[in-house]
Amino acid sequence: KQEVTQIPAALSVPEGENLVLNCSFTDSAIYNLQWFRQDPGKGLTSLLLIQSSQREQTSGRLNASLDKSSGRSTLYIAASQPGDSATYLCAVNGVSTDKLIFGTGTRLQVFP
Amino acid sequence: DGGITQSPKYLFRKEGQNVTLSCEQNLNHDAMYWYRQDPGQGLRLIYYSQIVNDFQKGDIAEGYSVSREKKESFPLTVTSAQKNPTAFYLCASGMIAGGYNEQFFGPGTRLTVL
């Protein structure tokens, strides 16, 4: 059974820092992995999707990488800003299921 | 203006009542999903549908029901059989092709049982 873990559960950094959020999954047989952002009381916003054949995807200050063999993905945020404060979730689409399996998220706070 | 809409944003229910949450999408997606989110927990899948007139139970379907009569709509009914319905409910739609599964989410409905 696929399990998805995100560490740390919470992170507080000063503005301007580059930071890395981690996502680990137990079954490396995946089709794709998706990163989301959730603001308090809101829905999820899709940030990046990486297919199993890809190593990384970039969107603005965000870069997501995928190491399928080791069961890891990282979301790199460059030059963090207070507006980046939110909960970040990763979700894995595995070969053995037709559902996304979500991690519990990393709550990020960027202070001025 | 494309996207996924959910209504209402806030919903209050008395114990013993059934309530229906609306989810509509105009993205022409075949698949639609309902998730429940509780504080400190990840998203849990309630029901999903990959095609009109067909749907499957997710991980926590007990006390819920759905229908998929139109491609654009996937309403969720929270029945009185759901013992702890207070939660944040999220609807999603997505594209599925050859294993590929990408989902997009609506703004959510917060249900409170009084």
Side-chain angles (χ1 to χ4, degrees), chain A residues 1-10 21 23-54 57 59 64 66 68 86-107, chain B residues 2-7 9-10 21 23-25 27 29-51 54-61 87-112:
Chain A
K1 180 184 174 185
Q2 178 76 270
E3 294 183 0
V4 181
T5 304
Q6 292 186 249
I7 295 174
L21 307 181
C23 173
S24 300
F25 46 96
T26 54
D27 185 352
S28 62
I30 68 169
Y31 286 120
N32 56 264
L33 182 147
Q34 198 169 355
W35 280 95
F36 296 90
R37 167 188 173 137
Q38 185 178 30
D39 294 287
K42 306 291 186 182
L44 277 64
T45 300
S46 180
L47 298 174
L48 290 163
L49 180 142
I50 309 179
Q51 298 192 51
S52 61
S53 58
Q54 297 174 321
Q57 282 284 344
S59 176
L66 175 64
K68 199 172 65 167
T87 297
Y88 291 81
L89 298 104
C90 66
V92 172
N93 174 32
V95 170
S96 61
T97 178
D98 54 1
K99 302 175 284 187
L100 291 187
I101 307 300
F102 284 82
T104 52
T106 293
R107 186 167 58 200
Chain B
I4 304 168
T5 58
Q6 291 186 243
S7 61
K9 185 174 182 180
Y10 298 99
L21 282 59
C23 178
E24 304 276 334
Q25 56 100 359
L27 301 170
H29 288 162
D30 286 321
M32 296 188 73
Y33 309 82
W34 275 106
Y35 293 90
R36 171 180 171 141
Q37 187 176 39
D38 295 281
Q41 297 193 34
L43 274 70
R44 293 184 290 171
L45 183 63
I46 304 172
Y47 269 98
Y48 63 108
S49 168
Q50 296 182 340
I51 195 169
D54 189 39
F55 48 83
Q56 289 78 38
K57 293 182 179 179
D59 301 316
I60 55 165
F88 189 51
Y89 290 86
L90 288 160
C91 177
S93 71
M95 300 174 286
I96 299 178
Y100 177 93
N101 186 341
E102 182 176 16
Q103 294 184 21
F104 300 88
F105 282 76
T109 292
R110 184 165 300 279
L111 172 63
T112 303

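Chain letters run A, B, ... following the sequence lines, proteins first, then strands; residues in each count from 1.
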Worksheet item: Quick one: ring pair (Phe, Tyr, Trp, His ring centres under 6.0 Å) partners of A/F36, sequence neighbours excluded?
Response: A/F102, B/F105

Worksheet item: Mind checking which of residues 28-35 of chain A sit less than 4.5 Å from chain B, heavy atom to heavy atom?
Response: A/Y31, A/N32, A/Q34

Item to complete: Check B/F88 against A/Q38 and note the closest heavy-atom contact, atom names and distance.
Response: CE2-NE2, 3.9 Å

Worksheet item: Which heavy atom of A/K99 sits nearest a heavy atom of B/L45, and at what distance?
Response: CD-CD2, 3.1 Å

Worksheet item: Side chain, backbone, both or neither: which part of B/Q56 has a non-hydrogen atom closer than 4.5 Å to chain A?
Response: neither

Worksheet item: Using non-hydrogen atoms only, which part of B/Y100 is less than 4.5 Å away from chain A: side chain, backbone, both, or neither?
Response: both

Discussion item. Run A/L100 and B/L43 through side-chain contact (heavy atoms from CB on, under 4.5 Å) and show every step you take.
Written reply: CA-CA 10 Å; A/L100 291 187; B/L43 274 70; over 6 Å; no

Worksheet item: Which value, rounded to the nearest 0.5 Å, describes the distance between A/T45 atom OG1 and B/F104 atom CZ?
Response: 11.0 Å

Worksheet item: Out of curiosity, B/Q37 CD to A/L89 CG, how far, rounded to the nearest 0.5 Å?
Response: 7.0 Å

Worksheet entry | Exceeds 12 heavy-atom contacts within 6.0 angstrom, atom CZ of B/R44 | yes

Worksheet item: In terms of heavy-atom pairs under 4.5 Å, which option from A/T104, A/I101, A/L44 contacts chain B the most?
Response: A/L44

Practice prompt. Heavy-atom distances under 4.5 Å only: say whether A/Q6 touches chain B with side chain, backbone, both or neither.
Written response: neither

Practice prompt. Name the option with the most non-hydrogen atom pairs under 4.5 Å to chain A; the candidates are B/Q41, B/K9, B/Q50, B/R110.
Written response: B/Q50

